[in-house]
Undergrad: 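A single structure is presented below for examination.
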Amino acid sequence: MFWPLLLLAYLLGSLSFAILLSRIAGIADPRGAGSGNPGATNMLRLAGRRLAIGTLVGDACKGAFAVLIAAALHMPLTLQAWIGLAAVIGHLFPVYFRFRGGKGVATAAGALLALYPAAAALAIAIWVLVIALTRTSSLAVLIALPLCLPLIAWQRPAILLPISLLASLIVWRHRGNLRDLLAGRERHF
């Protein structure tokens, strides 16, 4: 069941709620407006709180749902983590939208919440703190997810490799934001 579920997780992850909700609402495709990222932060800037929350919840649920299916099938925690990673990869490179996806933050948060809620809570707490101090979403992400890895290594070493890869992909997807942060050009709320 692992390989079919891995494919299912990728296909589930490929559903971009920012793109779907923008089409339903009749607004511009978020990949061509604002930051160009089909994610909750760009949706907040483009369409307001309601569609941003819908994007955040939808993208988080697809990561959590993929992991929860694997858990319901009694797959080992390591395989559940690989399933979660597949959902994030689907979000990053969605087959339904010509492989032009988002940065995977909400989908990763959902997967991590289903895998190890304590690490997800730590990431969310760090994210909220950094947002409160800097008003910069990308910086909050770049700090929060990597800081969870020591906790995972200590408490859930079985998922460390797939979650490290997940964190690396998200940092890589934020490389433009990192350049803007270093140059002092990054957008703030």
Side-chain angles (χ1 to χ4, degrees), residues 9-68 84-114 120-121 123-146 148 166-181 183 185-189:
Y10 169 78
L11 294 173
L12 183 63
S14 288
L15 295 171
S16 174
F17 280 85
I19 297 169
L20 295 172
L21 290 174
S22 68
R23 288 180 181 176
I24 291 168
I27 63 169
D29 186 324
R31 296 171 298 172
S35 69
N37 179 52
T41 301
N42 197 31
M43 288 297 282
L44 180 62
R45 291 181 181 125
L46 295 174
R49 187 172 291 178
R50 189 174 58 86
L51 290 181
I53 290 170
T55 299
L56 177 69
V57 170
D59 286 346
C61 284
K62 67 187 180 183
F65 188 64
V67 171
L68 292 173
L85 177 60
V88 172
I89 290 171
H91 183 83
L92 300 177
F93 307 104
V95 67
Y96 310 123
F97 301 108
R98 298 187 179 136
F99 304 101
R100 290 182 53 215
K103 295 183 179 174
V105 176
T107 306
L112 190 58
L113 185 62
I124 292 167
I126 293 169
W127 186 86
V128 167
L129 178 64
V130 174
I131 283 285
L133 295 173
T134 68
R135 310 284 295 160
T136 309
S137 179
S138 60
L139 181 62
V141 169
L142 289 167
I143 291 172
L145 190 55
C148 292
L166 183 149
S168 298
L169 279 170
I170 289 175
V171 169
W172 176 74
R173 287 296 282 209
H174 281 83
R175 64 194 181 279
N177 301 89
L178 190 54
R179 280 192 298 269
D180 288 344
L181 282 165
R185 295 186 310 254
E186 184 66 355
R187 296 178 185 187
H188 305 284
F189 282 105

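Bear in mind the structure is a predicted one, so any value in this text is a computation, not a measurement.
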Undergrad: Evaluate the side-chain proximity of W127 to S137: yes if any heavy-atom separation is below 4.5 Å, no if none is.
TA: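 Yes, their side chains come closer than 4.5 Å.
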
Undergrad: Kindly indicate whether the side chain of T41, heavy atoms from C-beta on, has any atom under 4.5 Å from the side chain of K103.
TA: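 No, side chains not in contact.
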
Undergrad: Decide yes or no on side-chain contact (heavy atoms from CB on, under 4.5 Å) for L166 and L112, but give the supporting numbers first.
TA: CA-CA 10 Å; L166 183 149; L112 190 58; over 6 Å; no

Undergrad: Between R173 and G101, is there a donor-acceptor pair closer than 3.5 Å when you use the side chain of the first and the backbone of the second?
TA: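 At least one qualifying donor-acceptor pair exists.
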
Undergrad: Are any non-hydrogen side-chain atoms of T55 and N42 less than 4.5 angstrom apart?
TA: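 The answer is no, as the side chains (C-beta and beyond) never meet within the 4.5 Å cut-off.
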
Undergrad: Indicate the atoms forming the closest heavy-atom contact of Y10 with F93, along with that distance.
TA: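 Closest pair (atom of Y10, atom of F93, distance): OH-O, 2.6 Å.
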
Undergrad: Return all side-chain donor-acceptor pairs below 3.5 angstrom for residues 61-68, not counting sequence neighbours, or 'none' if the list is empty.
TA:
| from | atom 1 | to | atom 2 | distance (Å) |
| --- | --- | --- | --- | --- |
| K62 | NZ | G13 | O | 2.8 |
| K62 | NZ | L15 | O | 2.3 |
| K62 | NZ | D59 | OD1 | 3.3 |
| K62 | NZ | H91 | ND1 | 2.9 |

Undergrad: Test side-chain contact (heavy atoms from CB on, under 4.5 Å) on V105 and I170; report intermediate values, then the result.
TA: CA-CA 7 Å; V105 176; I170 289 175; 4.1 Å; yes

Undergrad: Roughly how far, to the nearest 0.5 Å, is CZ of R23 from CG of D29?
TA: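 One finds 6.5 Å between CG of D29 and CZ of R23.
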
Undergrad: Below 4.5 Å, heavy atoms only, C-beta onward: do L44 and R49 meet side chain to side chain?
TA: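 Yes, at least one pair of side-chain atoms sits under 4.5 Å.
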
Undergrad: Pick one: which of L178, T134, L139, N177 meets side chain to side chain contact (heavy atoms under 4.5 Å, CB included) with E186?
TA: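 Result: among L178, T134, L139, N177, N177 is the only option passing the side chain to side chain contact (heavy atoms under 4.5 Å, CB included) with E186.
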
Undergrad: Would you name the heavy atoms of S22 and P30 that are closest together and state the gap between them?
TA: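 That would be OG-CD, 3.4 Å.
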
Undergrad: State, to 0.1 Å, how close L21 and G54 come at their nearest heavy-atom pair, and which atoms those are.
TA: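 Taking every non-hydrogen atom into account, CD1-C, 3.6 Å.
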
Undergrad: Run the numbers on L181 and H174 for side-chain contact (heavy atoms from CB on, under 4.5 Å), then give the verdict.
TA: CA-CA 10 Å; L181 282 165; H174 281 83; over 6 Å; no

Undergrad: Roughly how far, to the nearest 0.5 Å, is OG of S138 from CD1 of I131?
TA: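 I131 atom CD1 to S138 atom OG measures 8.0 Å (nearest 0.5 Å).
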
Undergrad: Atom CG of L113 and atom CD1 of I124: how far apart are they, to the nearest 0.5 Å?
TA: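 If I round to the nearest 0.5 Å, the distance is 6.5 Å.
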
Undergrad: Do the side chains of V130 and T136 get nearer than 4.5 Å, heavy atoms only?
TA: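 No, too far: nothing below the 4.5 Å cut-off.
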
Undergrad: Testing the basics here: between I27 and A47, what is the closest heavy-atom pair and its distance to 0.1 Å?
TA: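 Where I27 meets A47 most closely, the heavy atoms are CD1-CB, 3.3 Å.
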
Undergrad: Of all the heavy-atom pairs spanning A25 and L51, show the shortest one and how long it is.
TA: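 Minimum heavy-atom separation between A25 and L51: CB-CD1, 3.7 Å.
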
Undergrad: Please enumerate all residues that pass salt bridge (charged side-chain N to carboxylate O under 4.0 Å, His left out) together with R98, with sequence neighbours excluded.
TA: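 R98: no salt bridge (charged side-chain N to carboxylate O under 4.0 Å, His left out) contacts found.
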
Undergrad: Using side-chain heavy atoms (C-beta onward) and a distance below 4.5 Å, is F17 in contact with T107?
TA: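 SC-SC contact between F17 and T107 ruled out.
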
Undergrad: What closest approach, in Å, do P38 and I19 show between heavy atoms, and which atom pair accounts for it?
TA: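 Closest approach of P38 to I19: CB-CG1, 4.0 Å.
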
Undergrad: Before you tell me yes or no, could you show the steps for L169 and L85 under side-chain contact (heavy atoms from CB on, under 4.5 Å), namely the whole-Å CA-CA distance, both residues' side-chain angles and the distance that decides it to 0.1 Å?
TA: CA-CA 10 Å; L169 279 170; L85 177 60; 4.0 Å; yes

Undergrad: Counting only N and O atoms by type, is there a donor-acceptor contact under 3.5 Å from the side chain of R31 to the main-chain atoms of F97?
TA: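 Yes, R31 side chain to F97 backbone: donor-acceptor pair under 3.5 Å.
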
